[in-house]
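A note on names: the letters A, B, ... follow the listed sequences, proteins ahead of strands, and every chain is numbered from 1.
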Protein chains: 2
Amino acid sequence: MTFASPASASSRPAPPRVLVVGSGAIGSLYGAVLHRAGAEVSVVCRSEVGVVREHGLRIRSPLATNGDLSFRPAQVLARVEDCAEPPDVLLLCTKVLPGVDRAALIRPAVGPRTLIVLIQNGIGIEAEVARAFPEHTVVSVLAFVGVSRVAPGEFEHKAYGALTMGDVPHGASPATRALATLFREGGVPVTVSEQIETERWRKTVWNAAFNPLSVLAGGADTRVLLDTPGGEALLRELMAEVCATAAAAGHALPPELIDQMIANTQAMPPYRNSMALDWLAGHPLELDAILGHLLAVAAERGVPVPRLQTIDTAVRMRLAARG
Amino acid sequence: MTFASPASASSRPAPPRVLVVGSGAIGSLYGAVLHRAGAEVSVVCRSEVGVVREHGLRIRSPLATNGDLSFRPAQVLARVEDCAEPPDVLLLCTKVLPGVDRAALIRPAVGPRTLIVLIQNGIGIEAEVARAFPEHTVVSVLAFVGVSRVAPGEFEHKAYGALTMGDVPHGASPATRALATLFREGGVPVTVSEQIETERWRKTVWNAAFNPLSVLAGGADTRVLLDTPGGEALLRELMAEVCATAAAAGHALPPELIDQMIANTQAMPPYRNSMALDWLAGHPLELDAILGHLLAVAAERGVPVPRLQTIDTAVRMRLAARG
């Protein structure tokens with residue numbers, strides 16, 4: 001395994017230095033996974049810096065046989081600017097929200113050889129970062145995981161955890177493959193894809209259908225959405241609109257995908273997705289990342305998406321009413 | 001003016017006897033209007049019979065110069081069965097909800113010459129009553145009014161009040177015209193229509209678009225719905241789907257209707273519709289009357305209504321999640 005870090009003088013290579021920006025549920029869990037794989041993991045956590053400095057990150061997880069993936073980060077920084085030396089790997093795990101310039105956020109910690117890794121949701125969310133760092137490899141990662149924050153600095157990883165990753169806009173560099181190996185050593189399954197953008201569309205088929213609907217239903221779980229009369233039919237029609245948009249954008253998805261996703265979701269325990277949890281917590285929603293960008297692609301390509309448009313606008317009405 | 005009541009022996013005709021079934025906001029207000037016009041008005045009010053017997057129906061209203069339309073009903077009945085003598089006019093003003101057999105509800109009070117009058121929302125809501133009373137004239141009435149319950153037996157009429165009425169399924173009998181005159185004498189403008197079904201479709205253009213969306217937006221008012229980015233466009237598209245369904249059902253509406261309704265709503269003060277108020281109060285919603293029946297007509301006639309279908313199912317998900 002090789003990262004872009006300078007070769008160590010010792011017989012063993014130095015462990016890769018990782019900086020996690022955004023130590024919410026996703027950042028904390030995958031930081032812990034890399035720590036477990038031997039990396040030196042530091043975190044930037046703005047609001048909870050005190051509690052994390054005192055107690056570390058506390059993570060209950062089925063990945064560890066004792067159910068505990070808690071660890072003490074090498075450094076706990078209050079701001080990205082406080083990072084003294086650029087890391088080998090920068091893991092960006094913030095939510096993708098309008099008005100947040102993610103390139104400006106990470107720039108103070110990005111060195112010439114830093115591998116920039118985005119573990120974030122949505123369609124077309126890499127371009128802004130890739131444009132800002134044209135000389136860098138940007139790795140785009142999808143997490144299939146159920147993990148949530150239960151208290152400051154404290155997280156519960158309930159299920160799943162697999163990652164899919166690849167280079168932006170496509171391909172899979174040696175550094176990306178090395179990162180995949182490191183995550184696997186930490187205990188999570190990883191798929192390396194040379195067409196990560198297609199994988200993003202695939203994941204969005206589920207997210208764009210279920211996430212906004214769960215908000216409209218007041219934070220409802222998958223069981224409520226599927227069991228409401230007309231619910232499964234609507235979810236399938238929303239998914240079909242995403243697939244049509246993906247195909248028009250050059251990312252044709254397999255025709256059996258919708259059947260598979262519905263069957264898998266039926267088989268899972270009732271599940272509240274991240275947007276539903278954000279809604280219930282009063283947090284901002286990743287609506288542009290998951291739906292807004294997709295609608296822009298559909299408009300550009302002339303794909304009719306009346307149902308997706310309807311739920312997007314209805315959620316925006318709901319946000320406006322919440323104030 | 002003539003109703004079906006037997007001619008009085010005195011020189012003046014006896015005042016028409018009216019029974020209001022469903023003494024919520026609509027029934028209480030229009031009962032008060034008929035009382036003011038000289039009718040003998042009795043009411044059936046199941047849960048609030050005690051307070052209404054003690055204090056009468058208390059109604060603040062701009063229709064009265066002193067702002068007070070309160071009155072003491074001739075009789076305050078706890079059940080329709082307690083009506084000793086069939087009225088000349090039976091005003092049915094309950095909500096139209098699944099599982100409520102409205103024909104069975106009113107049957108104990110319907111005499112051979114009782115005029116059956118429905119002041120209720122929705123599409124296709126008269127058929128069940130008309131079928132049950134094939135020998136009777138059934139009058140279908142639309143109320144354009146802002147009135148709400150503020151306490152047991154106490155109501156606030158805020159604005160508007162006009163009625164549109166006609167016979168089911170079409171036409172306008174002398175009895176219906178006499179009823180219109182009585183309402184006018186009570187102080188509200190009345191339009192008699194020989195095509196009341198077309199008028200119902202017209203009103204539903206607004207209701208089917210605004211009402212369910214306001215529920216999805218958490219009880220939002222018209223201003224929030226119109227001002228959300230994409231909101232007015234979605235409302236227009238929903239209205240266009242209703243118009244297409246109406247046209248397919250033989251009730252073509254004028255092409256300028258949507259522009260007019262949007263302009264009128266923009267000009268009104270922010271307004272929470274009845275479904276939004278019901279939602280906020282935790283009451284059942286008239287979703288079938290306002291949207292479900294309409295979707296059945298669209299399905300039967302092959303009219304594509306993807307946006308109406310989406311908001312209908314999303315509201316049902318929300319109701320399922322509320323439990």
Side-chain angles (χ1 to χ4, degrees), chain A residues 98 208-241 244 270 272 276 279-280 282 287-288 291-292 295-296 298-299 304-323, chain B residues 98 208-241 244 270 272 276 279-280 282 287-288 291-292 295-296 298-299 304-323:
Chain A
F210 277 86
N211 291 18
L213 266 185
S214 70
V215 171
L216 292 177
D221 64 31
T222 46
R223 175 67 50 227
V224 169
L225 301 189
L226 283 165
D227 285 358
T228 297
E232 183 182 323
L234 175 58
L235 288 158
R236 286 174 176 272
E237 287 164 332
L238 289 163
M239 288 176 161
E241 290 184 3
R272 272 209 178 91
W279 169 259
L280 291 170
L287 193 62
D288 282 333
L291 198 44
L295 292 173
V305 287
R307 297 169 187 85
L308 290 170
Q309 186 75 64
T310 299
I311 60 172
D312 180 76
T313 302
V315 171
R316 289 176 202 278
M317 288 173 170
R318 185 121 206 241
L319 291 169
R322 184 166 75 174
Chain B
F210 276 87
N211 291 18
L213 265 184
S214 70
V215 172
L216 292 177
D221 65 30
T222 47
R223 175 68 50 228
V224 168
L225 301 189
L226 283 165
D227 285 359
T228 297
E232 183 182 324
L234 175 58
L235 287 158
R236 285 175 177 273
E237 288 164 331
L238 289 164
M239 288 177 161
E241 291 184 0
R272 272 206 179 94
W279 169 259
L280 291 170
L287 193 61
D288 283 332
L291 198 43
L295 292 173
V305 288
R307 296 169 188 85
L308 291 170
Q309 186 74 66
T310 299
I311 61 173
D312 179 75
T313 302
V315 171
R316 289 176 201 278
M317 288 172 169
R318 185 120 206 241
L319 291 170
R322 183 167 73 172

Nearest 0.5 angstrom please: A:D227 CG to B:M317 CE, how far? 10.0 Å
Taking all heavy atoms of [X] and all of [Y], pick out the closest pair and write down the distance.
{"X": "A:L234", "Y": "B:T310", "answer": "CD1-OG1, 3.6 Å"}
{"X": "B:L213", "Y": "A:A314", "answer": "CD2-CB, 3.9 Å"}
{"X": "A:T313", "Y": "B:P229", "answer": "CG2-O, 4.2 Å"}

Pairs of heavy atoms under 4.5 Å with chain A: top-ranked of B:G230, B:P306, B:A220, B:A321: B:P306
